[in-house]
Q: 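There's a structure below that I have some questions on.
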Amino acid sequence: AANAMWGGRFAAGPDAIMQAINASIGFDQRLYAQDIRGSRAHAAMLAAQGILTPKDAEAIGEGLLTVLSEIEAGDFPFRVELEDIHMNVEARLKDLIGEPAGRLHTARSRNDQVAVDFRLWVRDQCDAAITGIEALMQAFVAQAEAGAGWVMPGFTHLQTAQPVTWGHHMLAYVEMLARDRSRFADARARMNECPLGAAALAGTSFPIDRHMTAAALGFDRPTANSLDSVSDRDFALEFLSASAICAMHLSRFAEELVIWSSAQFRFVRLSDRWTTGSSIMPQKKNPDAAELLRAKLGRVLGAAVALFTVMKGLPLTYSKDMQEDKEQVFDAADTLMLGLAAMTGMVADMQANRDALAASAASGFSTATDLADWLVRELGLPFREAHHVTGTLVAMAEAQGCDLPDLTLADMQTVHPGIRPDVFAVLGVENSVRSRTSYGGTAPDNVRAQVARWKEHLGMT
Ligand code: ARG
């Protein structure tokens, strides 16, 4: 049989396979609350404008609440032949209230309906992402506070570079997450315009009040161009882009956790709650959650790439291709939220191995730069020459199988006669980090000041 919603000109119904490729109800039922909210706002506006009678609007509004409670109670009969959430809700409304249900779709199209539903959903997800990000920021700040002055090696190329502090390393992630948070906030502010009332694409001849529906749905204003309103998915792309960058940050820390928790590094101990054992090797404690977080970026970025690819060649305005937006965004949002929650738990539980961090910080000639700086400051050497002298001393230590502080003064003086005993002070890692007081540097006092700033900012005090 032809479709009850649009089948006027159709003699036959769709092929079963057409139905399978065309229907979105399997996934867009997640938009039910937004769909009903949008419809209620639309009906109230139609009544206020004299387009619907108060009686019909009342019946529609009440009926929609019944539909809402049926769906929430889990006894709503979703029907695939009704294609999507919009027509499932409307068809059920018709069962419940009869004729007035057919008046709800006045001055509206599924094109603006889906645009408003999806915007409402993505807007909520921006808020959820921000909340999840803040929880993770707090976990990193707590770690930074506990170990503001603990020394550890800082790396470039994953080779020992210079000593840094644990707190400084933790706060690097807080900075990244703060940018993530602001990206979601920016995206949210930009998407907060209401497309409802654009109708199919051209607007409508009915005297609707789009400002009223925009306000009722918590938008800052209605969108200004009806064509753009129904063809725009920038809000979804911005959400996916911000999600991908955030997931990339999670992936980078996950990678550090995988390295740090290895027997070769022993920088951190992950708690039993976030690790698994091996069925054959009894000693194993595998960082599975971290590994999965490292991998999950693939899904989130994949969703972004998928939707960019859907959108890139579409002429204005709506094309059915755009129905492919929702599964990508749902999956990315779910993945990001799970990832944030898992990372928050792991960070809160992880225990830094202070001794292993300190021992590692002192190895690998990590204070070579301090030595070169000393030669510049105390002996007046040009930095390039100081660099060369230090390199010779590193080679000497390497040949002797020791670290820089283990060289004798006499040995050092064979390389440069001006070297004095007070050079040894700068070869210690504690002194090294304490000296890095430039703004944004790793000195423990700097880190403590930043921790205090973040605690205040995140309401942790
Ligand atoms: N299920 C559709 C989607 O997700 C709703 C919009 C349908 N509009 C249309 N003209 N067929 O995009």
Side-chain angles (χ1 to χ4, degrees), residues 2-10 13-39 41-42 64 67 71 76 78-93 102 104-125 191 194-204 213 217 223 226-237 239-240 303 306-334:
N3 186 289
M5 296 287 177
W6 44 252
R9 63 165 292 176
F10 288 76
D15 188 274
I17 293 172
M18 171 58 186
Q19 204 163 73
I21 195 174
N22 189 42
S24 55
I25 188 60
F27 48 88
D28 69 13
Q29 52 182 270
R30 268 182 96 160
L31 299 177
Y32 72 89
Q34 290 75 16
D35 193 70
I36 288 168
R37 191 175 168 203
S39 289
H42 184 65
L64 285 168
V67 176
I71 295 175
F76 186 89
F78 289 110
R79 285 160 58 192
V80 71
E81 66 276 16
L82 290 170
E83 293 182 24
D84 56 26
I85 185 63
H86 324 296
M87 297 206 295
N88 269 272
V89 168
E90 192 185 317
R92 181 66 188 140
L93 183 66
L104 169 61
H105 213 52
T106 311
R108 178 177 88 168
S109 153
R110 272 191 293 159
N111 297 346
D112 58 335
Q113 194 178 354
V114 73
V116 76
D117 291 5
F118 199 30
R119 264 189 212 234
L120 288 169
W121 195 91
V122 174
R123 192 177 73 180
D124 281 351
Q125 281 302 307
M191 75 180 65
C194 186
L196 190 61
L201 77 166
T204 176
T213 41
L217 297 171
T223 50
S226 63
L227 301 176
D228 180 49
S229 305
V230 293
S231 69
D232 167 45
R233 291 293 180 274
D234 288 2
F235 63 95
L237 291 168
F239 176 79
L240 290 173
L307 187 55
F308 272 101
T309 311
V310 165
M311 296 306 297
K312 75 169 182 62
L314 295 185
L316 304 191
T317 55
Y318 179 85
S319 295
K320 196 60 171 265
D321 311 48
M322 289 159 70
Q323 180 166 285
E324 290 286 313
D325 56 2
K326 282 171 279 298
E327 285 165 292
Q328 303 298 343
V329 170
F330 291 158
D331 187 68
D334 292 344

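This structure is a prediction, so every number in the text was calculated from the model and none was measured. Every number for a ligand or one of its atoms is a count from 1 in the order of the listing.
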Q: According to side-chain hydrogen bond (donor to acceptor under 3.5 Å, both in side chains), who are the partners of Q125, at least two apart in sequence or on a separate chain?
A: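 Expected list: none.
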Q: Quick one: do L104 and S39 satisfy side-chain contact (heavy atoms from CB on, under 4.5 Å)? Show the steps, please.
A: CA-CA 8 Å; L104 169 61; S39 289; 4.0 Å; yes
Q: Any protein N/O atoms within less than 3.5 Å of an N/O atom in ligand 1? List the atom names and distances, or say none.
A:
residue  : atom   : partner : partner atom : Å
ligand 1 : 1 (N)  : S24     : OG           : 3.2
ligand 1 : 1 (N)  : D84     : OD2          : 3.0
ligand 1 : 1 (N)  : Q323    : OE1          : 2.7
ligand 1 : 4 (O)  : K326    : NZ           : 2.6
ligand 1 : 8 (N)  : N111    : OD1          : 2.9
ligand 1 : 10 (N) : N111    : OD1          : 3.0
ligand 1 : 12 (O) : Y318    : OH           : 2.5

Q: Strictly below 4.0 Å, N to O, side chains only: are D232 and R119 in salt-bridge contact?
A: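 Yes, charged N to carboxylate O under 4.0 Å.
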Q: For D334, what residues pass the side-chain hydrogen bond (donor to acceptor under 3.5 Å, both in side chains) criterion, not counting sequence neighbours?
A: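 With neighbours one apart ignored, the set is R30.
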Q: How would you list, by chain and number, every residue that makes a side-chain hydrogen bond (donor to acceptor under 3.5 Å, both in side chains) with S24, sequence neighbours excluded?
A: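 S24 satisfies side-chain hydrogen bond (donor to acceptor under 3.5 Å, both in side chains) with D28, Q323 only.
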Q: Output yes when R110 and E90 qualify as a salt bridge under the 4.0 Å nitrogen-oxygen rule, no when they do not.
A: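 The answer is no: the pair does not qualify as a salt bridge.
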